Amino acid sequence: MPDSPVVYVLNGPNLNMLGLREPAIYGSDTLDDIAGMLDDRAQEIGLEIDMRQTNHEGLLVDWIQEANARGAKAVLLNAGAFTHTSIAIHDAIKAVSVPVIEVHLSNPHLRETFRHKSYVGMAAKGTIAGFGAHSYVLALDAAAKL
Ligand code: DQA
């Protein structure tokens, strides 16, 4: 049987702290818990997940380029705070043909004004935000339909 299409799930700064970090905002699930949910859903819908986290901006750029070169079906990207600052990540999304779906646990529009601007969202195919860990599963379902 041919390999399942791969979906990259890229996570930016401080998302390694999920579960401990501001649980009232981000919930109690860890990134490993989310990886488990995504693996389960991916199996059901015939996809494979490649999930990663980094605190470094340039590595997210490298991984977006890698996903594209590898012919990934989509990239789910929670760029954390780089969402609101990174023209490099914006440019990386624009530079590739792989569709990038912006994901957030919280809804940045309900929070501080500095979170209202998204350089990721300005380049992404679409955005899913505000559903906690379930945002990732919703984004995977969206990726499956692309
Ligand atoms: C976040 C929202 C960002 O504003 C914040 O900097 C994060 C997490 C989210 O998933 O809700 O690190 O991307």
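Order of appearance sets the numbers: ligands from 1, and atoms from 1 within every ligand. These numbers come from a predicted model, not from an experiment.
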task: Over all heavy atoms of both residues, which pair between A88 and V61 is shortest? Give the atoms and the distance, please.
output: O-CG2, 3.9 Å
- request: Give a yes/no on ligand 1: does R21 have at least one heavy atom closer than 4.0 angstrom to it?
  value: yes
- request: Compare every heavy atom of Q53 with every heavy atom of L15, then report the nearest pair and how far apart it is.
  value: N-NE2, 4.0 Å
- request: Classify the side-chain pair Y26/N14 by whether it contains a donor and acceptor separated by less than 3.5 Å.
  value: no
message: Less than 4.0 Å is my threshold; does some heavy atom of T83 fall inside it relative to ligand 1?
response: no
field: Heteroatom proximity flag, P108 to ligand 1, N/O under 3.5 Å
entry: no
task: Could you name each residue pair satisfying ring pair (Phe, Tyr, Trp, His ring centres under 6.0 Å) that touches residues 78-124, not counting sequence neighbours?
output: H109-H116
- prompt: What is the minimum heavy-atom distance between S118 and T83, and which atoms define it?
  reply: OG-CG2, 3.2 Å
- line: Nearest non-hydrogen contact to atom 11 (O) of ligand 1 from the set S106, G12, G132 belongs to S106
query: Name the one of N11, L76, V9 that satisfies side chain to side chain contact (heavy atoms under 4.5 Å, CB included) with V103?
result: L76
Identity of the nearest option to atom 5 (C) of ligand 1, non-hydrogen atoms only, from R111, H84, R115: R115
- prompt: Identify the closest protein heavy atom to atom 1 (C) of ligand 1: which residue and atom is it, and at what distance?
  reply: H104 ND1, 3.6 Å
task: Could you say whether the N/O atoms of L15 and ligand 1 ever approach to under 3.5 Å?
output: no
